Amino acid sequence: MQDEVTQLVLEQALNGLQFGLMLFLLAAGLTLVFGIMDMINLAHGSLYMIGAYIAASVAEKSGSFLLAVFVAIATTAVLGAILEMALLRRLYRRDHLSQVLATFALILISNEVVRIIWGDQPVMLAMPEALSGPLEFGGFIYPTYRLIIVGVGLAAAAALYWLVAMTRLGMWVRAGASNLEMAQAMGVNVRWLFTLVFAIGAGLCALAGALLGPLLAVQVGMGESILILAFVVIVIGGIGSIRGALVGSLIVGIVDTLGRALLPTLLRENFSTEIAASLGPALASILIYLLMAAILFWKPEGFFPART
Amino acid sequence: MSFYVESRYQRYGALVVLAVLLAFPLAAQALDQGFYISLLSRVLIYGLAATSLNLVLGFGGMISFGHAAFVGLGAYAVTLLMGAGVLSAWLAWPAAIAVSALAALLIGAISLRTRGVYFIMITLAFAQMLHYLFVSLKTWGGDDGLPLAARNTLGLGIELRNDMSFYYVVLTCLALALLLAGHLVESRFGRIIQGIRENETRMEAIGYPVFGYKLACFVIAGALAGLSGALLVNQTGLASPNQLYWTQSGMLLVMVVLGGVGDLYGGVLGAAALLILEEVLAGYTHHAQLGVGLVLLAMVFLAPRGLSALPALFRRRKDG
């Protein structure tokens, strides 16, 4: 009995870690765009969706999951760069509401374009066969694929950390997030920086989309549900801070996953089955938003505010 | 941004539109195009919802990304009361207004302690919480929503089941709401709210209880949204958690921005433009949303202050 419980908790904790790391891939790009360019980009989730769809098509045609991931990342990054240069660049100086309107329109457009190209039905992104089996250490069983996701996620986080903390480009990014005018005054080429930041963010979205594709459904509208969680993450973590995005996404990923897995059981132990049956799932879903509301109330700048 | 004063042109324009709206169902019936009556009812209901958001957004300067929650709460209030045997609109609709107003009071009391982008996010959070609450409560329909057994009864010989009668009731509600909003905006309360929007610190320094005024504005907007929810569920017949999802709040914001933030008729204009555009395009293609998205995108760049500012734009262009 004890082993089952440990298995469950460990499994859910790892699921939470996995989900959190994928959220981080989205949140990192989002927090930089929001933090540096002060732009609310609702279409960020659409890039994640496009990445997943491209990966699905390439995987089906070529049979190689690895190729699919790389093509998805590259294509979406380029798409992101083009989008930034053609359209989003003009929104930086506009007010938040205009940005909401424009990027909301982009969601509609991208959802429809995806429907035109791939149709209404969800598309299959097959898990690579070599990774679909379970892994076992000392009595604990966990799917290999999810472990790979955790690995890739950690590698991406490390690479991003290296980029932001140890390179000149990263220094420009941090300067921009902290005080854009000063950074510009100090000679940072802001136009190219913005395009690059956006492209990197888009690439990260595509990576998350491609990796999560085999686990979740690749369908139109998948971007909207994860986007909202990404916003919760960057609020908790602090807008403009990648470190904050990592901390925030791990918190959100683990709290959400563990909450959904354990709360209904916990409630059933203490309350009648009726109450537990309705309250359990409700509370689990609400938990993240409760957390965000609490943080907004007491520490609105988040855990690691980037702005000076 | 200057203070809002309704121009004479706008008032005359509005009266002309009202006349058209009054005559419309009779014309539609005569031409055997009855379907358009319920379409227009839907437009007017969303116009009411968007107007209520404009109160908070355009006049109050508070960007609320959770407004759809108040609409949804109104819808659920009416549906749950119908399930409990309350059929009369005279009881159900004020109840919907009260429920949404109470929710706005609670949510506003907490949210208004933040500002800027954090206010946007916290209102979003509360709406999402309510969405997931309704999704999880299986006894209240859960994910599938809760169907409304029948439209409310109004008495006075008016049958809401009749689409045309329902239309006129909706139009009356919208007209009353616009009258209320108009009076509110030009009243002492409205001037204070607009002053708060312009410079909150100054208003506070002068001595106005800023928090109280903002909260009052938020609650009034929530109450009107509750009414639109009651009307909406009568129109569609289903109260669904989807009505509270963030994309619905986003759509309301889009309507207000499209129509003209801070313009009395901005909400109605935006709702009409968006929904009619959708309907027209849907007649030609399955991919209507693509056209809608492209038009919205064009609007952001070509008509940055919304549709209501277009006449002024043309007038200025003519003068050179």
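Just so it is clear, the model here is predicted, and its values are computed rather than measured. Order of the sequence lines sets the chain letters (A, B, ...), proteins ahead of strands, with each chain counted from 1.
When side chains are defined from C-beta on, L290(A) counts as touching M129(B), because their heavy atoms get closer than 4.5 Å. When side chains are defined from C-beta on, V232(A) does not count as touching L124(B), because their heavy atoms never get closer than 4.5 Å. F126(B) is not listed as a side-chain neighbour of I286(A), based on a closest heavy-atom distance of 4.5 Å or more. Inter-residue side-chain proximity for N111(A) and L290(B) is flagged as unmet; no heavy-atom pair is nearer than 4.5 Å. Looking only at side-chain heavy atoms (C-beta outward), F34(A) and V117(B) come within less than 4.5 Å of each other. The shortest distance between side-chain heavy atoms of L42(A) and W246(B) falls below 4.5 Å.
Residue contact with chain B, scored on non-hydrogen atoms closer than 4.5 Å, is absent for I288(A). For a residue to count as touching a neighbouring chain, one of its non-hydrogen atoms must lie under 4.5 Å from one of that chain's; by this rule H286(B) touches chain A with the backbone only. Contact of L287(A) with chain B is not made at all, since no heavy-atom distance falls under 4.5 Å. Neither the backbone nor the side chain of T103(A) comes within contact range of chain B; no heavy atom of the residue lies under 4.5 Å from a heavy atom of that chain. Within the 4.5 angstrom heavy-atom criterion, no atom of I295(A) approaches chain B. For a residue to count as touching a neighbouring chain, one of its non-hydrogen atoms must lie under 4.5 Å from one of that chain's; by this rule I63(B) touches chain A with the side chain only. Contact of L294(B) with chain A is made through backbone and side chain together, with heavy-atom distances under 4.5 Å. If you measure heavy-atom distances from V135(B) to chain A, you find no contacts under 4.5 Å at all. Proximity to chain B is limited to the side chain of L227(A), based on heavy atoms less than 4.5 angstrom apart. Heavy atoms of I120(B) lying under 4.5 Å from chain A belong exclusively to its side chain. With a threshold of 4.5 angstrom between heavy atoms, F119(B) does not approach chain A through any atom at all.
Heavy-atom neighbours of W118(A) CH2 from other residues, nucleotides or ligands within 6.0 Å: above the threshold of 12. Surrounding CZ of R89(A) are more than 12 heavy atoms belonging to other residues, nucleotides or ligands, all under 6.0 Å away.
For chain A, the option among L133(B), L296(B), V300(B) with the highest count of heavy-atom pairs below 4.5 Å is V300(B). Ranked by heavy-atom pairs shorter than 4.5 Å toward chain B, the options S110(A), S225(A), A102(A) are led by A102(A). Contacts with chain B were tallied for V235(A), D120(A), I116(A); I116(A) has the most, counting heavy-atom pairs under 4.5 Å. Taking chain A as the reference chain and counting heavy-atom pairs below 4.5 Å, the highest number among L130(B), V254(B), T123(B) is found for V254(B).
Atom CE of M292(A) sits about 12.0 Å away from atom OH of Y118(B), to the nearest 0.5 Å.
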Evaluation steps, side-chain contact (heavy atoms from CB on, under 4.5 Å), between H287(B) and V113(A) = CA-CA 8 Å; H287(B) 302 291; V113(A) 167; over 6 Å; no

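Contact record, F231(A) with M121(B): CD2-CE, 3.7 Å, taken as the closest heavy-atom pair. For the residue pair F301(B) and R90(A), the shortest heavy atom distance occurs at CE2-CB, 3.7 Å. The heavy-atom pair separating L296(A) from T114(B) by the smallest distance is O-CG2, 3.4 Å. The minimum heavy-atom distance between L101(A) and L258(B), with the atom names listed, is CD2-N, 4.5 Å. Across all their heavy atoms, R113(B) and F297(A) have their closest contact at CD-CE1, 3.4 Å. In terms of heavy-atom proximity, A105(A) sits nearest to G293(B) at CB-O, 3.4 Å.
Between L108(A) and the choices V295(B), V292(B), T247(B), the side chain to side chain contact (heavy atoms under 4.5 Å, CB included) rule is met once, by V292(B).
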